[in-house]
Amino acid sequence: MLTKQQIRYCLDKMGEMFPDAHCELVHKNPFELLIAVVLSAQCTDALVNKVTKHLFEKYKTPEDYLAVPLEELQQDIRSIGLYRNKAKNIQKLCAILLENYNGEVPNDRDELMKLPGVGRKTANVVVSVAFGVPAIAVDTHVERVSKRLGFCRWKDSVLEVEETLMRKIPKEEWSITHHRMIFFGRYHCKAQAPQCDRCPLFDLCREGKKRMRQRGESRARAK
DNA sequence: AACTCGGGGCA
DNA sequence: TGCCCAGAGTT
């Protein structure tokens, strides 16, 4: 595992590579952010943004989402995957917001996780982006990058990854860390084709060196 | 821990 | 046309 100092170095480099790292989901308020993040599960932010553009014109409040039949809401988000379940979850979630939270989005991670369709990652994104609460949302990008570089152990669960990152990174940097790692993971340290040959972190990266060795060996075999 | 839900994007 | 993308919930 890398030291705190090494991790800090990595995060600084990621910041240089992606100085504009930010939450890519379009939203104007906590409620729209919550809807956008729930929709974003298992699909790209770009695709969600296409849907929410129209969605947020039509639906402004929790009441609006409950005022239409389920089938209509499903059709409105049809172009993203898992849309049937997501539409159901959004209507349930809006009913709970009205019932228990006065129609407002709670600013507490554990309260958010009680809502249907809201897991740990979604809750962390909402509290950190909408309410400025320090949090590290561990999605597959953050998990993959953490494991490849050695921010955490290979066999760590998602929860263990989050705990390890929180232990190794100063609290003030949790939120920006999450965005930097997502950009780094999505555009550079990709799942299938990581750009190891032009990576400023190659010298620290155990997985990068391993991959390069394997590539060399397969070339040698081919000859 | 493994499985299921799913359409869009891209090769 | 078939693989890849990428969380929550359930068993």
**Request:** Please answer: with hydrophobic residues joined when any side-chain heavy atoms are less than 4.5 Å apart, are A:Leu165 and A:Val129 in the same cluster?
**Result:**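 No; tracing contacts between hydrophobic side chains, which count when under 4.5 Å, never links both residues.
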**Asked** Can you hop from A:Phe151 to A:Met17 via hydrophobic side chains spaced under 4.5 Å?
**Response**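 Yes; tracing contacts between hydrophobic side chains, which count when under 4.5 Å, links both residues.
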**Message:** Once you apply a heavy-atom cut-off of 4.0 Å, does A:Lys50 come out as touching a base, just sugar-phosphate, or nothing?
**Reply:**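 Result for A:Lys50 = sugar-phosphate.
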**Message:** Rounding to an integer number of angstrom, what distance separates C:dT11 and B:dG6 when you compare their P atoms?
**Reply:**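 Taking atom P in both C:dT11 and B:dG6, they lie 15 Å apart.
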**Item:** A:Asp197 atom CG: more than 12 heavy-atom contacts under 6.0 Å
**Value:**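 Counting other residues, nucleotides and ligands, CG of A:Asp197 exceeds 12 neighbours.
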**Prompt:** Is the count of non-hydrogen atoms from other residues, nucleotides or ligands lying under 6.0 Å from A:Arg109 atom CZ greater than 12?
**Reply:**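 Yes.
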**Item:** is_close_aromatic(A:Tyr59, A:Phe31), centroid dist under 6.0 Å
**Value:**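 No, the ring of A:Tyr59 stays outside the 6.0 Å limit from the ring of A:Phe31, centre to centre.
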**Prompt:** Closer than 4.0 Å, any side-chain N/O of A:Arg84 to the OP1 or OP2 of B:dG7?
**Reply:**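 Yes, because at least one side-chain N or O of A:Arg84 sits under 4.0 Å from OP1 or OP2 of B:dG7.
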**Asked** Can you tell me if the side-chain N/O atoms of A:Gln192 get under 4.0 Å from OP1 or OP2 in C:dC5?
**Response**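 Looking at the OP1 and OP2 atoms of C:dC5, one of them is under 4.0 Å from a side-chain N or O of A:Gln192.
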Report, one pair per line, the protein and nucleotides 7-11 of chain C atoms (nitrogen or oxygen only) whose separation is under 3.5 Å.
unit_1 : atom_1 : unit_2   : atom_2 : d
C:dG7  : OP1    : A:Lys121 : NZ     : 3.2
C:dG7  : OP2    : A:Thr140 : N      : 3.2
C:dG7  : OP2    : A:Thr140 : OG1    : 3.4
C:dG7  : N9     : A:Gln42  : OE1    : 3.4
C:dG7  : N7     : A:Gln42  : OE1    : 2.7
C:dG7  : O6     : A:Gln42  : NE2    : 3.1
C:dA8  : OP1    : A:Gly119 : N      : 3.2
C:dA8  : OP1    : A:Thr122 : N      : 2.9
C:dA8  : OP1    : A:Thr122 : OG1    : 2.6
C:dA8  : O5'    : A:Gly119 : N      : 3.3
C:dG9  : OP1    : A:Gly117 : N      : 2.6

Euclidean distance, atom [atom1] of residue [X] to atom [atom2] of [N] [Å, nearest integer]:
| X | N | atom1 | atom2 | answer |
| --- | --- | --- | --- | --- |
| A:Tyr187 | C:dC5 | OH | P | 14 Å |
| A:Ile77 | B:dG8 | CD1 | P | 12 Å |
| A:Ile80 | B:dG7 | CD1 | P | 11 Å |
| A:Leu47 | B:dG8 | CG | C1' | 6 Å |
| A:Leu39 | B:dG6 | CG | P | 14 Å |
| A:Asn49 | B:dG8 | CG | C1' | 14 Å |
| A:Lys190 | B:dC10 | NZ | P | 12 Å |

**Asked** Which nucleotide in the list B:dG9, B:dG7, C:dC5 gets nearest to the side chain of A:Ala191?
**Response**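 Selected nucleotide (nearest to the side chain): C:dC5.
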**Prompt:** Strictly by modelled atom types, are A:Tyr101 and A:Glu111 linked by a side-chain donor-acceptor pair under 3.5 Å?
**Reply:**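 There is such a pair between these side chains.
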**Asked** Under 3.5 Å, is there a donor-acceptor pair between the A:Arg78 and A:Gln75 side chains?
**Response**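 Distance-only check passes for A:Arg78 and A:Gln75.
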**Residue whose closest nucleotide on DNA chain B lies nearer the 5' end, A:Lys86 versus A:Thr44** =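 The answer here is A:Lys86.
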